[in-house]
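Read the structure below first, then the notes.
Convention: sequence-line order gives letters A, B, ...; per-chain numbering from 1.
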There are 2 protein chains.
Amino acid sequence: MARRSDHSRAELEALILDEGHRQMAETGFARFSAREVAKRIGYSIGTLYNVFGSYDRLILAINTRTFQLWAAHLRARLAEDGEDRIKALVEGYFSFARGNPNLWMAIYDHRLPPGTPMPEEFAAQRAELTDIVIAEVAAALPADAREKAAGLARSLIATVHGHCLFALNGTFLLMGESDPFGAALQRVRDSMAAA
Amino acid sequence: MARRSDHSRAELEALILDEGHRQMAETGFARFSAREVAKRIGYSIGTLYNVFGSYDRLILAINTRTFQLWAAHLRARLAEDGEDRIKALVEGYFSFARGNPNLWMAIYDHRLPPGTPMPEEFAAQRAELTDIVIAEVAAALPADAREKAAGLARSLIATVHGHCLFALNGTFLLMGESDPFGAALQRVRDSMAAA
DNA sequence: GCTCGCAATTGATCACTGTTCAATAAAAAT
DNA sequence: ATTTTTATTGAACAGTGATCAATTGCGAGC
């Protein structure tokens with residue numbers, strides 16, 4: 001199929017990641033197939049396993065890429081709208097998930113085998129996104145409440161996440177909720193005001 | 001394997017559901033196997049498909065049972081503690097999920113094929129749980145804010161859900177959050193006070 | 001009591017999945 | 001030109017959900 005010198009190791013890894021990410025975006029986690037990825041880039045399954053070691057590591061790599069795109073999306077939203085930065089964050093959370101539902105859900109659909117710790121690379125990626133929010137929450141809080149920022153930010157992420165998830169998975173539709181974003185933003189405002 | 005008269009149709013359905021529910025609790029959605037359920041109750045896969053029609057319908061039936069147990073759990077919590085009913089609700093949400101992580105996550109791990117509407121039976125079950133919360137939120141709100149109860153309740157469910165999910169899937173651990181329940185309850189208090 | 005028809009039950013079969021690893025092909029080193 | 005090292009392969013394995021012709025067993029009618 002593929003010549004040995006067609007791609008270096010790094011190029012091959014990028015090739016698989018590109019196609020895997022594309023396929024995750026198209027089909028979603030439940031229908032994702034490592035075999036199909038291999039087929040589409042013209043390599044065998046064996047090569048894919050040589051490069052990534054296991055299915056879990058491939059998914060982890062794909063989700064890490066999604067996290068990077070998500071963080072960039074949030075930063076772009078923050079940069080383009082200097083006015084209400086908290087609103088920009090909530091809006092960025094929603095718009096990325098809505099624009100990339102399969103990729104976004106794959107982050108939470110995939111779970112490592114029990115006992116397996118999250119590799120450092122991925123953990124760092126998550127921390128980065130959390131830190132963006134912590135910094136903004138701290139800046140928006142009155143000076144005497146700054147020490148609460150980290151804990152509050154984590155809690156607000158969970159709050160927005162719950163709304164975003166219900167918006168994408170159909171729960172809010174079933175409940176008759178028509179403005180998930182508005183509701184999430186209002187909850188965030190409630191708690192920022194209380195702090 | 002199994003004699004025809006061993007079980008009536010209704011008994012057989014209950015038998016499959018019992019074993020399926022048990023297995024979902026033990027192994028979780030990702031490792032759940034319809035074949036294994038059939039094997040354990042001494043029937044063939046074919047029979048299981050004759051009774052439930054498809055994998056999706058079996059999972060739906062299992063998840064519906066989980067929803068019933070969950071609603072009962074919430075009602076029990078409300079009944080045993082008359083003091084702070086909102087806290088009892090949040091506590092009931094968390095303790096059911098923590099006590100039955102695989103069953104609880106299966107509700108959200110399973111997604112119907114795109115375009116397939118949720119069968120009425122399951123939709124009604126969800127609505128029941130939502131209605132419990134709406135009633136309690138309405139009762140805890142000042143009389144002049146009652147009309148906001150339904151929308152606020154939906155939003156608070158999403159809020160608590162986000163915290164509960166992050167507690168179970170390890171996100172909060174990664175973030176360094178040690179008291180997800182306390183954080184969820186605080187967010188609910190913030191928004192109840194603001195309403 | 002026997003037979004026959006109908007409905008419940010079966011499990012081989014299909015097309016797929018992730019995973020492994022001896023065999024092979026190709027490049028590098030000698 | 002030959003050997004060594006390395007990348008690549010794909011058949012094989014154990015599993016999955018799904019299907020459906022063939023079988024089995026029950027009960028009604030004779």
Step by step, would you call B:Leu48 with B:Arg35 a side-chain contact (heavy atoms from CB on, under 4.5 Å)?
-> CA-CA 9 Å; B:Leu48 206 148; B:Arg35 281 184 134 91; over 6 Å; no
A:Ile59 CD1 - C:dT17 P separation (whole Å) = 13 Å
Aromatic contact, A:Phe181 with A:Tyr93 (centres under 6.0 Å) | no
So, is A:Ser44 near the phosphate of D:dT8, with a side-chain N or O under 4.0 Å from OP1 or OP2?
-> no
State which residues pass ring pair (Phe, Tyr, Trp, His ring centres under 6.0 Å) with A:Phe172; sequence neighbours excluded, sorted by chain then number.
-> A:His163, A:Phe166
Is it true that A:Asp18 and A:Arg65 make a salt bridge, defined as a side-chain N closer than 4.0 Å to a carboxylate O?
-> yes
Just do the salt bridge (Lys or Arg N to Asp or Glu O under 4.0 Å) check on B:Arg40 and B:Glu36 with the steps written out, would you?
-> CA-CA 6 Å; B:Arg40 292 208 196 172; B:Glu36 186 63 29; 3.1 Å; yes
Report yes if the distance between the aromatic ring centroids of B:Tyr108 and A:Tyr108 is under 6.0 Å, otherwise no.
-> no
Quick one: which of B:Ile134, B:Leu129, B:Val133 gives a side chain to side chain contact (heavy atoms under 4.5 Å, CB included) with B:Asp131?
-> B:Ile134
Could you tell me whether B:Arg22 and B:Glu26 make a salt bridge, using a distance below 4.0 angstrom between a side-chain N and a carboxylate O?
-> no
What nucleic acid atoms does A:Leu12 come within less than 4.0 Å of, heavy atoms only: base, sugar-phosphate, or nothing?
-> sugar-phosphate
Reading nucleotides 14-20 of chain D from the 5' end, what letters show protein touch, with B for base, S for backbone sugar-phosphate only, - for no heavy atom under 4.0 Å?
-> --BBBB-
Per the end-axis method with five pairs at each terminus, what is the bend angle of the helix from C:dG1-D:dC30 to C:dT30-D:dA1, to 10°?
-> 30°
Interatomic distance, B:Leu15 CG vs C:dT9 P [rounded to whole Å] | 11 Å
